[in-house]
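Everything on this sheet refers to the single structure shown next.
Below, all heavy atoms of this structure are taken into account, side chains as well, without hydrogens, waters or symmetry copies.
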Amino acid sequence: MSVVSPIREHLVTGGKTYHDVTEDICRHVEAKPTKEWKVAFAISVLVLLYGGSWVLWTWWEGLGVWGLNKTVGWAWDITNFVWWVGIGHAGTLISAILLLFRQKWRTSINRAAEAMTIFAVLCAASFILMHMGRPWLAYWALPFPNTFGSLWVNFNSPLVWDVFAISTYFSVSCLFWFIGLIPDLATIRDRATGVRKSIYGALSLGWTGGAKTWARYEDVSLILAGLSTPLVLSVHTIVSMDFATSVIPGWHTTIFPPYFVAGAIFSGFAMVQNLMLVTRVVYKLEDYITLEHISLMNKIITVTGSIVGVAYITEFFIAAYSGVEYEKYAFFNRAAGPLWWSYLAMMTCNVLSPQIFWFKSMRENIVVSFVIAVVVNIGMWFERFVIIVTSLHRDYLPSSWTYFTPRMGDIGDYLFSFGFFFTCFLLFSKFLPVINMAEVKSVLKSSSEKNSKQ
Amino acid sequence: MADKKYLVGIFNDEDVVMDAVQKIRSKGIKIHEVFCPYPVHGLDHVLGYERPRMGVPAFLFGITGTSLAFLLTFWTLGIDWPMNIGGKNFFPFPTNIPIVFELTVLLAAFGMAFTFFFMEGLGPSVKPLIFDVRSTDDKFAMAIDLNKNTISDSEISSFLKEVGAEEVNVKEV
Amino acid sequence: MAHKHEIPSLDESFDFSPALRKKLIISAIIGVAMVALGAFLLNNHMSIGVWSSGHGAEHGAADAHANGEHHGATLFSRIIGNIWMNSVYFLGISVVGVFFLSYNYVAKAGWYTSFKRVPEALPSFIIVPAIIMLGLFLVPSSREVIFHWAHHGVMDPASENYDKIIAGKSWYLNFGFFLVRMVSYFAIWYYLWTQIRKYSLLEDENNDIYFYNKSRSYAKMFLIFFAVTSSTAAWDFSMSIDTHWFSTMFGWYHLASWHVAGLATIMLTILLLKDHGYLKSVNFSAIHDLGKLMFGFSIFWAYVWFSQYLLIFYANLPEETIYFRERLSGYDGRYFAPFIINIVLNFVFPFLILMARESKRNMIFLKLACGSILMGHWFDFYQMQMPGIAKDQGGIGIIEWGTTLTFASMFIYFVANQLSKANLVAKNHPFLEESLHHEI
């Protein structure tokens with residue numbers, strides 16, 4: 001059996017037995033919703049309805065309800081899209097890459113992170129539909145020959161790559177998430193009665209947990225992780241190529257693919273941190289999501305934040321070094337132009353603020369962790385805003401230089417995505433186990449302070 | 001259909017069950033299956049199962065995805081309706097890689113997953129044979145098909161206890 | 001217990017025999033002789049080699065006589081280019097030793113502990129490329145050959161060699177600053193390695209977590225320093241050769257190349273030591289994991305390479321595409337073959353060889369993959385640097401083989417010497433038990 005060094009921190013505290021794990025997690029699925037849950041759900045649905053009405057208005061009235069102008073043709077819509085896709089990276093990353101690296105601490109957080117991925121990708125996709133203006137023609141992005149003959153979509157276009165990448169990512173993430181859920185659904189099925197039993201029974205596909213099934217299941221999970229890891233990278237790579245294949249200064253830069261991926265992991269972990277900190281308190285899961293977990297996530301946030309910082313410096317350096325005056329101006333304008341405040345927000349939130357986690361006491365401070373995670377997500381939103389808007393608003397033609405001011409349509413549609421995201425997440429946390437019970441049990445023996453009965 | 005009779009040994013701990021499997025198998029008793037609440041590393045090995053090779057379907061489906069994607073992009077943009085895009089070739093190799101990659105992963109993942117469901121007989125309308133409901137909670141249930149073993153029931157039963165089973169139940173189906 | 005491990009003795013010391021020392025010294029000398037022979041032959045319009053080498057000898061030499069002043073590349077450029085290229089390549093492999101240790105220390109990894117003395121030995125070689133590179137940089141004639149920006153008068157508006165774009169980079173590419181950067185990379189990388197090494201060796205004598213924590217804090221310092229200097233070093237040592245050209249990806253691409261070459265070196269060293277009966281406690285799970293890293297980072301390298309290529313190909317900006325144009329069809333197409341071989345050896349072969357689980361546990365397949373990766377990244381650095389240095393004089397022949405042989409011999413000498421200085425297993429490392437019982 002594997003040996004765990006005594007100097008490692010325990011991943012599950014409180015001397016839990018296998019049965020305690022089942023009880024602690026299933027309790028929330030089986031019990032009636034709590035008051036906190038109901039209040040949170042009501043607020044989310046209200047925000048969803050309010051934002052949804054703005055989305056409908058956007059489609060009814062047209063994109064004129066946004067603050068776009070003839071110079072800045074992409075602003076909040078694509079900023080929000082990239083932001084949500086970025087957030088949607090951490091789930092599959094935690095499951096896939098951390099599984100490949102055999103990081104046992106992933107077991108407590110992967111389920112919620114994967115759920116978050118799926119909802120975040122849906123939010124991102126909603127902005128693609130919104131910015132089409134005529135969402136009923138969205139199928140034009142798919143490879144159907146058009147009505148006049150057989151003119152196909154342009155497979156050379158990064159926007160078409162995006163369609164393939166996001167839909168593949170969404171489907172594979174759902175699959176990965178669902179496969180992870182099967183054993184836990186069976187656990188719930190075996191505890192449930194009546195209609196619930198048949199619903200969870202159908203969802204669990206008749207799982208019994210035989211050793212042969214488990215062996216194949218583990219092989220499937222590992223290969224899915226192996227497939228998902230390059231998939232995660234490819235998705236944000238392709239998103240970055242929406243910009244980088246162009247010849248706009250500030251967009252066309254070769255570091256974009258890995259830099260976007262690092263940024264995505266960064267903001268995704270921050271969002272997981274936020275959600276887990278809340279879930280942990282509301283569901284009393286302090287023994288499963290320990291300070292060690294929080295501290296490890298903070299470390300990843302610091303590392304990815306610093307990688308993003310290196311990329312910022314690289315971009316700036318190369319702009320100065322290149323000798324291309326447009327390139328130089330684009331970066332000068334970012335830092336010192338009329339949108340300097342967004343650049344400042346990006347730099348401080350993304351590069352400076354996570355450095356606080358070099359101190360152990362800060363890493364293990366729940367309030368600080370929560371606040372920094374929020375700050376990081378604000379910073380990452382500004383990063384996309386900086387890339388998109390500051391590169392566009394002063395383009396090659398100085399006579400069309402302009403400024404960008406959002407209008408209520410931008411804000412309302414953004415609110416819609418929050419409403420949607422939290423509504424989905426709350427439904428998930430009510431009806432499905434928020435922690436992967438089977439995986440936690442599999443590390444319980446080696447990683448808990450008191451081994452289960454022996 | 002009470003013609004099948006199983007002895008179900010209930011264990012508490014993964015190491016005990018692992019040890020028990022080895023002892024029982026070395027005694028020549030055939031084990032139907034061991035049901036566990038979580039994957040126990042190496043249990044399939046001591047039960048004498050072959051190493052799972054789910055990579056094979058993944059690879060085959062992946063290759064299929066690669067070929068289909070190449071065919072799609074090559075036929076549409078190279079043959080059916082060639083377009084001049086950015087002065088590049090009609091079928092520029094580098095720009096097709098993203099789509100080829102995505103479809104490879106898509107088919108590999110779904111192909112492998114559905115192969116797995118098919119191999120294990122998993123599906124929404126499947127009514128599973130559950131030997132002990134606690135095996136999805138905290139117990140390890142070892143099922144021994146009595147029809148396939150020549151040793152007497154009571155002997156197997158007492159041996160199960162001897163190797164660490166907490167209780168031994170009879171299950172008829 | 002289902003799996004019992006026989007743990008072999010942890011006291012092992014590598015015997016760097018005088019016979020081996022002698023062999024390595026002789027092969028280093030042979031390498032130098034090969035370069036001399038190659039140079040002599042080329043001067044007499046003959047050559048031993050493949051691809052454009054022979055071709056280059058006839059046309060290139062004739063060209064050099066006819067309009068040598070214009071191209072500015074001579075046989076001397078080719079030799080200097082070779083030395084610079086191999087220095088950068090082996091420097092990278094050595095530094096990756098500390099890099100590998102550092103990220104494993106910082107991540108509190110346990111699996112690699114049983115072979116950690118191998119990456120720990122690699123950085124001892126840093127001083128050799130450091131001295132060679134400083135020498136090449138300090139001597140004006142070789143500096144001018146390597147770096148376009150160091151050409152005489154290139155930054156002087158009054159000179160006929162004046163180049164406005166390069167002059168615009170003088171704030172970064174100037175003798176003083178460049179020298180300071182070079183010295184600080186070498187000095188700090190080497191110093192931080194000596195510290196990590198020192199505490200690791202002290203740990204062998206005293207079983208105390210203090211030494212682990214000490215190594216770990218130096219590992220953190222190294223990672224912070226290397227995060228920036230891995231990119232700046234790439235700009236300095238490789239990108240500034242083609243002074244006009246720039247790519248933001250280049251730093252990470254260069255690092256990816258170094259990193260995977262370093263991993264292959266670590267793997268190959270382990271396998272060779274195992275062949276000779278050392279490192280018995282390194283089990284196949286650890287080797288399997290290292291194989292996965294090689295596999296993964298080969299793909300990562302290909303990803304970075306492809307992203308850079310695709311974006312430049314797509315946008316088609318002349319100041320960027322010139323870089324690939326030179327390699328694909330420039331100088332009579334002499335760099336086309338290395339360019340393609342680079343992708344095949346670094347991505348296609350390792351991908352196919354290492355995909356299956358069994359091959360990551362098979363000594364022969366692993367050695368094949370290591371060979372492919374090590375040769376492949378040699379070609380990577382070749383195609384990064386030679387078109388800018390040797391220009392129309394480039395080729396692959398006895399000169400290249402000789403230079404590489406000398407460098408490889410010196411590298412093996414240093415690493416073997418360092419390995420012989422300490423116990424081959426870090427016996428008091430707090431994660432050693434995890435590594436010895438590592439099972440996947």
Side-chain angles (χ1 to χ4, degrees), chain A residues 1-2 17-19 22 143 145 149-152 154-158 160-161 164-165 168 171-172 175-176 179 182-183 186-187 189-191 202-203 205-220 223-224 227-228 230-231 234 238 241 437-439 441-442 445 452-454, chain B residues 12-16 33-41 43-44 47 49 51-55 58 72-73 76-77 80-81 83 85-86 88 92 95-96 98-99 101-103 105-106 108-110 112-113 116-117 119-131 133-138:
Chain A
M1 291 280 83
S2 65
T17 63
Y18 296 134
H19 186 66
T22 314
S150 54
L151 181 63
W152 295 85
N154 177 11
F155 288 115
N156 299 303
S157 162
V160 174
W161 304 344
F164 278 80
T168 302
S171 342
V172 174
L175 179 75
F176 200 12
I179 287 192
I182 295 173
T187 305
R189 172 199 66 199
D190 289 347
R191 292 162 57 92
L203 286 174
L205 306 181
W207 177 268
T208 52
K212 185 180 264 169
T213 317
W214 269 123
R216 285 197 181 132
Y217 176 90
E218 282 212 290
D219 206 29
V220 165
I223 294 168
L224 269 183
L227 288 169
S228 303
L231 180 64
S234 82
I238 289 172
M241 284 174 181
M437 294 184 273
E439 287 205 341
K441 287 175 195 167
S442 73
K445 188 157 179 179
S452 54
K453 304 161 257 174
Q454 183 152 13
Chain B
N12 250 336
D13 184 88
E14 59 174 74
D15 292 331
V16 177
E33 183 57 295
V34 181
F35 298 91
C36 322
Y38 61 85
V40 177
H41 197 80
L43 185 60
D44 57 320
L47 277 164
Y49 299 149
R51 180 175 281 286
R53 302 176 63 88
M54 299 306 295
L72 174 75
T73 53
T76 50
L77 285 194
D80 191 43
W81 193 296
M83 274 189 286
I85 290 153
K88 306 271 195 300
T95 59
N96 285 287
I99 287 184
F101 172 79
E102 298 300 332
L103 289 181
V105 171
L106 185 71
F110 276 88
M112 175 182 60
F116 167 68
F117 293 153
M119 286 168 85
E120 295 301 322
L122 295 173
S125 58
V126 172
K127 290 275 166 283
L129 171 60
I130 295 168
F131 288 95
V133 285
R134 290 169 297 173
S135 71
T136 53
D137 178 7
D138 60 345

Distance (rounded to the nearest 0.5 Å) between [X] [atom1] and [Y] [atom2]:
{"X": "B:N12", "Y": "B:D138", "atom1": "CG", "atom2": "CG", "answer": "7.0 Å"}
{"X": "A:N156", "Y": "B:T73", "atom1": "CG", "atom2": "OG1", "answer": "9.0 Å"}
{"X": "B:I99", "Y": "A:S234", "atom1": "CD1", "atom2": "OG", "answer": "11.5 Å"}
{"X": "A:T22", "Y": "A:M437", "atom1": "OG1", "atom2": "CE", "answer": "6.0 Å"}
{"X": "A:T208", "Y": "B:L122", "atom1": "OG1", "atom2": "CG", "answer": "7.5 Å"}
{"X": "B:K88", "Y": "B:T95", "atom1": "NZ", "atom2": "OG1", "answer": "8.5 Å"}

For [X], is it the side chain, the backbone, both, or neither that has a heavy atom closer than 4.5 Å to a heavy atom of chain A?
{"X": "B:N96", "value": "side chain"}
{"X": "B:S135", "value": "side chain"}
{"X": "B:A58", "value": "side chain"}
{"X": "B:L106", "value": "both"}
{"X": "B:R134", "value": "neither"}
{"X": "B:F110", "value": "both"}
{"X": "B:L129", "value": "backbone"}
{"X": "B:F117", "value": "side chain"}

Specify which of [options] makes the most heavy-atom pairs with chain B at under 4.5 Å.
{"options": "A:K212, A:E218, A:R191", "answer": "A:K212"}
{"options": "A:V160, A:N154, A:I179", "answer": "A:N154"}
{"options": "A:A186, A:P230, A:A438, A:G209", "answer": "A:G209"}

Assess the side chains of A:Y217 and B:E120: does a donor N or O sit below 3.5 Å from an acceptor N or O?
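No, because no side-chain N or O of A:Y217 sits under 3.5 Å from a partner of the opposite role on B:E120.
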Could you tell me if A:W214 and B:D44 have a donor-acceptor pair between their side chains, going purely by distance under 3.5 Å?
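Absent: no donor and acceptor within the cut-off.
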For chain A, which of [options] has the most heavy-atom pairs under 4.5 Å?
{"options": "B:M119, B:K127, B:R51", "answer": "B:M119"}
{"options": "B:A113, B:A108, B:C36", "answer": "B:C36"}
{"options": "B:L77, B:V126, B:V105, B:V133", "answer": "B:L77"}
{"options": "B:L72, B:V40, B:L47", "answer": "B:L72"}

Heavy-atom proximity to chain B below 4.5 Å, by part of [X]:
{"X": "A:P158", "answer": "neither"}
{"X": "A:I238", "answer": "side chain"}
{"X": "A:F176", "answer": "neither"}
{"X": "A:L224", "answer": "both"}

Would you please indicate if the ring centroids of B:F101 and A:F164 are separated by under 6.0 Å?
no
Side-chain heavy atoms of A:D190 within contact of B:I130, under 4.5 Å
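A:D190 reaches B:I130 side chain to side chain.
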Is the backbone N or O of A:A202 less than 3.5 Å from a side-chain atom of A:R189, with the two atoms forming a donor-acceptor pair by type?
no
